[in-house]
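First comes the structure, then the notes that go with it.
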Amino acid sequence: MSRLVVVSNRLPSGSTPSGGLVVALQDALADGGLWVGNSNKLTDTPADRLTRHEGGKFTRMSFDLTEEEQRDFYLGYSNSVLWPLCHDRVDLMELLPQYLESYRAVNKRIAKMIARELQPDDRIWVQDYHFLSLGYELRQLGVTQPIGFFLHIPFPGPNAFAALSHGQEVCRWIAAFDLFGLQARRDVSACLQVFRTAKGAELLLNGRMKLEDQIVQVASFPIAIDPEEFARTARNAPTAGLDDAAATIIGVDRLDYSKGLPQRFRAYGHLLDAHPELSGQVALLQIAPPTREAVKAYQDIRDELEQLSGHINGAHATLDWTPIRYIHRSVPRERLAGLYRGARVGLVTPLADGMNLVAKEYVAAQDADDPGVLILSKFAGAAEQLFNGALIVNPHDIAEMAEAMNLALNMPLGERRERYQSMRKVLADKDVAWWREQFLTALSASWQSSQPQMDPA
Ligand code: GDG
């Protein structure tokens, strides 16, 4: 069996229970696999060797960034160019030349450090938008092993992509991978359309694209969870502390402008205006842990939400009822699972989202006998899979979202069960092990097909 080498921004911890991606990949890493990630330590000078960490079920190695690289590569190109670009917010892009230069340089440096560690049979799986040029840099160093990439966020359409003045270079980065994995079919179609605009690019059959002699397979692999494990966690979770008098509508999102939180709060305010009978009967619990606070756009969204929640509470609260509980910090995973289970409605209304795992977690956490209702934005990748069971909404349409909440709160048990069953089946059929195996199988296949054919004679 060949060794799996995973590269991601976050390096898993050796001891504490880890996030979804680690759980997803740990089986495949069990045979001496290697995970390379950011140490989250800033150094004065760029290092040229990875640091090995003890503990854990697989080998872990990290790279450090300098303060300048943190600013220009991480906060800059990754989170102030690529993130807004991929979430349809080109207006928030900060196209500074030093950001792109740093992105190229950091990926090149990491490629060099990884190339030193590689064994001939390795397969490399690069995660997410911080490392789009890593495959290209590894190829420049003569690495010939299979290299796959998975983008966790949406792929931009050709219009947004045209806002990058170096789009041709980005297409070259993409073409250097053997497999370019995306969350949803809409992303595959956007990627193919973008490639059509690249100079010298050819679209081949079945999602394969060719640019300057590099052939890459593009395909969708909707990321998933382990629904059984999550359901167990939710069943055993503490629920104390919830206000039982009111039906809870729950939202759980990193505080990010892509998640549509202001629109969601406005829709909830609209619901309370339009349905005064709900006064004291319903409560919105919004958990929104902080993220990327050094980026201005994130400070702005934080201020906006504080104002909005204050405004809605001011207009509707009574002495014994708070309409919105807005929690700007992280809640432990077990607690979160219990909160999902106790909530009548799960509100997942991003303006753009690669997949959205909260939607899947909310469904997995429900009590099959008395399940809650998922309200899901049509712009979440998850909508391609859960459209039969969720109430699909347009997150820009405040009145429509308010009506969906009202419908969900009043939905009869029979319909709730039917919708839940249909979504639960999708979660069981396409779980996280399925996601991993689909990707790794496709990676082997596309790498094999690009190898020089042996002459049968
Ligand atoms: C990116 C893409 C794609 C959130 N708050 C707390 C907490 N969480 C956990 C959730 C969930 C995860 O964080 C969030 O995942 P999402 O998928 O919803 O969104 P992003 O963070 O934007 O992730 C996204 C994902 O990558 C995977 O490919 O689906 O589209 O944007 O698991 O439960 N967990 C705890 N406390 C919190 O307060 N413990």
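In listed order, ligands and their atoms are each counted from 1. Predicted, not measured: the structure shown is a model, and the values here were computed from it.
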Pair Trp83-Asp256, side-chain hydrogen bond (donor to acceptor under 3.5 Å, both in side chains): steps then yes or no: CA-CA 10 Å; Trp83 181 275; Asp256 194 293; 3.2 Å; yes

Amino acids in close contact with ligand 1, where any non-hydrogen atom sits under 4.0 angstrom away: Trp83, His152, Gln183, Ile223, Val252, Arg254, Lys259, Ile287, Pro289, Ser330, Val331, Pro332, Arg333, Leu336, Tyr340, Asp353, Gly354, Met355, Asn356, Leu357, Val358, Glu361

Check against ring-ring contact (aromatic ring centres under 6.0 Å, His included), His130 and Phe63: CA-CA 13 Å; His130 316 84; Phe63 56 85; 9.8 Å; no

Asp253 and Gln286 side chains, donor-acceptor separation under 3.5 Å: yes

By side-chain hydrogen bond (donor to acceptor under 3.5 Å, both in side chains) - contacts of Thr51 (at least two apart): none

Within the 6.0 Å centroid threshold, strictly below: His166 and Tyr77: yes

Asp178 and Ser446 side chains, donor-acceptor separation under 3.5 Å: no

